Amino acid sequence: MSARARADILQRIVDRRYEQGARLVEREVAEELSMSRVPVREALRALVAEGLLELLPHSGVRVRRLERADVEHLYEVWEPLAVQASRLAARAAHADPAALAGLAATLRRAESAAAADEGAAEVAAHTDFHEGIVAMAGNPLLARTMEQLSWQLRLLFGLRAEPAHMRAQHAEMHRHIAAGDVEAAAASTLLHVRDSRAVALRTLFGEG
């Protein structure tokens with residue numbers, strides 16, 4: 001139950017139902033999730049330890065506000081992992097046509113969501129695209145490492161803008177991965193992650 005509570009609270013943070021800086025009251029969260037307070041208390045403690053929530057001076061917790069350093073640290077870790085995932089996915093492409101089709105489907109979902117101005121659905125599709133590349137890479141250690149970043153990335157994607165050219169970059173990444181072009185896949189991913197960082201800093205802090 002505590003794992004379910006953690007996932008539900010995380011989803012509310014990502015969806016911005018719990019905004020940055022919002023105070024979370026254990027009793028109220030338990031009522032919202034239709035749970036007892038014990039698993040909710042355990043979930044809140046876990047999220048404090050993970051850095052997504054922070055303890056208030058006297059009692060309770062609040063959603064932690066992302067600082068510039070948080071964003072910088074996340075991109076410093078994500079960049080090399082994302083590039084390596086694309087390399088490995090391109091290497092495996094010819095043996096996994098189903099995974100390639102899955103990536104293409106997420107791109108179509110993202111375009112449809114963008115056209116309909118459905119921000120949450122677009123964020124979900126973009127996140128699924130990157131997670132699909134990691135899965136396709138076939139490296140369990142890389143997958144476990146990326147799993148630790150998953151919710152931070154989902155949160156960040158939901159807070160920053162997603163310009164059309166970045167959707168085009170996803171399509172370019174997919175094209176190189178599908179072609180099995182390891183170095184082109186890596187280069188296009190590097191460009192995309194660095195553009196993503198610049199957009200995030202500009203959106204959140206007015207700087208690039």
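Fair warning: this is a prediction, and the values are worked out from it, not measured in the lab.
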Colleague: Enumerate the residue pairs fulfilling side chain to side chain donor-acceptor pair (under 3.5 Å) with a member in residues 174-189, sequence neighbours excluded, ordered by first and then second residue.
Modeller: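 For residues 174-189, and leaving out neighbouring residues, the side chain to side chain donor-acceptor pair (under 3.5 Å) pairs sorted by first residue read Ser86-Thr189, Glu172-Arg175, Glu172-His176.
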Colleague: Below 4.5 Å, heavy atoms only, C-beta onward: do Arg87 and Val83 meet side chain to side chain?
Modeller: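 Sidechains of Val83 and Arg87: in contact.
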Colleague: Work out which heavy atom in Pro39 is nearest to a heavy atom in Ala5; give both atom names and the distance.
Modeller: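 Closest approach of Pro39 to Ala5, heavy atoms only: O-CB, 3.9 Å.
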Colleague: Does Phe157 form a ring pair (Phe, Tyr, Trp, His ring centres under 6.0 Å) with His126? I'd like the steps, not just the answer.
Modeller: CA-CA 8 Å; Phe157 292 165; His126 289 314; 7.5 Å; no
Colleague: Please verify the inter-ring angle class for His192 with His130; under 30° counts as parallel, over 60° as perpendicular, anything in between as tilted.
Modeller: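 Aromatic pair His192/His130 classed parallel.
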Colleague: Counting distance only, does the side-chain N/O of Thr106 pair as donor-acceptor with the main-chain N or O of Leu103 below 3.5 Å?
Modeller: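 Yes, because the side chain of Thr106 sits within donor-acceptor range (under 3.5 Å) of the backbone of Leu103.
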Colleague: State, to 0.1 Å, how close Val123 and Gly158 come at their nearest heavy-atom pair, and which atoms those are.
Modeller: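 Taking Val123 first and Gly158 second, the nearest heavy atoms are CG2-CA, 3.8 Å.
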Colleague: With heavy-atom distances below 4.5 Å as the criterion, would you say the side chains of Met166 and His170 are in contact?
Modeller: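 Result no, sub-4.5 Å side-chain heavy-atom pair not found.
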Colleague: For the residue pair Ala43 and Ser2, what are the closest heavy atoms and their distance?
Modeller: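 Heavy atoms of Ala43 and Ser2 come nearest at CB-O, 3.7 Å.
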Colleague: If you take all heavy atoms of Val71 and Ala200, which pair is closest and at what distance?
Modeller: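 Shortest heavy-atom contact: CG1-CB, 4.3 Å.
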Colleague: What closest approach, in Å, do Ala82 and Val193 show between heavy atoms, and which atom pair accounts for it?
Modeller: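 Taking Ala82 first and Val193 second, the nearest heavy atoms are CB-CG2, 3.9 Å.
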Colleague: Which heavy-atom pair separates Leu53 from Val61 by the least distance, and what is that distance?
Modeller: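 Smallest heavy-atom distance, with atoms named: CD1-CG2, 4.1 Å.
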Colleague: Any side-chain heavy atom of Glu131 sitting closer than 4.5 Å to one from Met146?
Modeller: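 Side chain of Glu131 against side chain of Met146, heavy atoms only: no contact under 4.5 Å found.
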Colleague: Contact between Leu149 and Leu74 at the side-chain level, heavy atoms closer than 4.5 Å - yes or no?
Modeller: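 They are in side-chain contact.
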Colleague: Just checking Arg65: does its CZ atom have more than 12 heavy atoms from other residues, nucleotides or ligands closer to it than 6.0 angstrom?
Modeller: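 No, the 6.0 Å shell around CZ holds no more than 12 heavy atoms from other groups.
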Colleague: Under a 4.0 Å N-O cut-off, is there an ion pair linking Arg6 with Glu50?
Modeller: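 Salt bridge between Arg6 and Glu50, a charged N being under 4.0 Å from a carboxylate O: yes.
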Colleague: Among Glu54, Glu19, Gln20, find the residue that satisfies the side chain to side chain donor-acceptor pair (under 3.5 Å) test when tested with Arg62.
Modeller: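 Answer to the side chain to side chain donor-acceptor pair (under 3.5 Å) test with Arg62 among Glu54, Glu19, Gln20: Glu54.
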Colleague: Determine the sole option in Leu52, Asp70, Val48, Ile13 for which the side chain to side chain contact (heavy atoms under 4.5 Å, CB included) test with Arg64 is passed.
Modeller: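 That would be Asp70; it is the only one of Leu52, Asp70, Val48, Ile13 passing the side chain to side chain contact (heavy atoms under 4.5 Å, CB included) with Arg64.
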Colleague: Side-chain contact, heavy-atom cut-off 4.5 Å: Ile9 with Leu44?
Modeller: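 The answer is yes; the side chains approach within 4.5 Å.
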Colleague: Do Val38 and Val25 share a hydrophobic cluster, counting only Ile, Leu, Val, Met, Phe, Trp and Tyr and linking them when any side-chain heavy atoms are less than 4.5 Å apart?
Modeller: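 No; Val25 is not reachable from Val38 via cluster members.
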Colleague: Is any side-chain heavy atom of Arg4 closer than 4.5 Å to a side-chain heavy atom of Met35?
Modeller: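 Of all side-chain heavy-atom pairs linking Met35 with Arg4, at least one is under 4.5 Å.
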Colleague: Do Gln11 and Tyr18 come within less than 4.5 Å of each other through their side chains, counting heavy atoms only?
Modeller: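 Gln11 does not reach Tyr18 side chain to side chain.
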Colleague: Output, in order, the C-alpha distance, side-chain angles, deciding distance and verdict of salt bridge (charged side-chain N to carboxylate O under 4.0 Å, His left out) for Arg23 and Glu28.
Modeller: CA-CA 11 Å; Arg23 182 171 181 261; Glu28 294 174 356; over 6 Å; no
Colleague: Do Phe205 and Val63 share a hydrophobic cluster (ILVMFWY, side-chain heavy atoms under 4.5 Å, transitive)?
Modeller: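 Same hydrophobic cluster.
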Colleague: Does the side chain of Met136 reach to within under 4.5 Å of the side chain of Ile133, using non-hydrogen atoms?
Modeller: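 Answer no - side chains too far apart.
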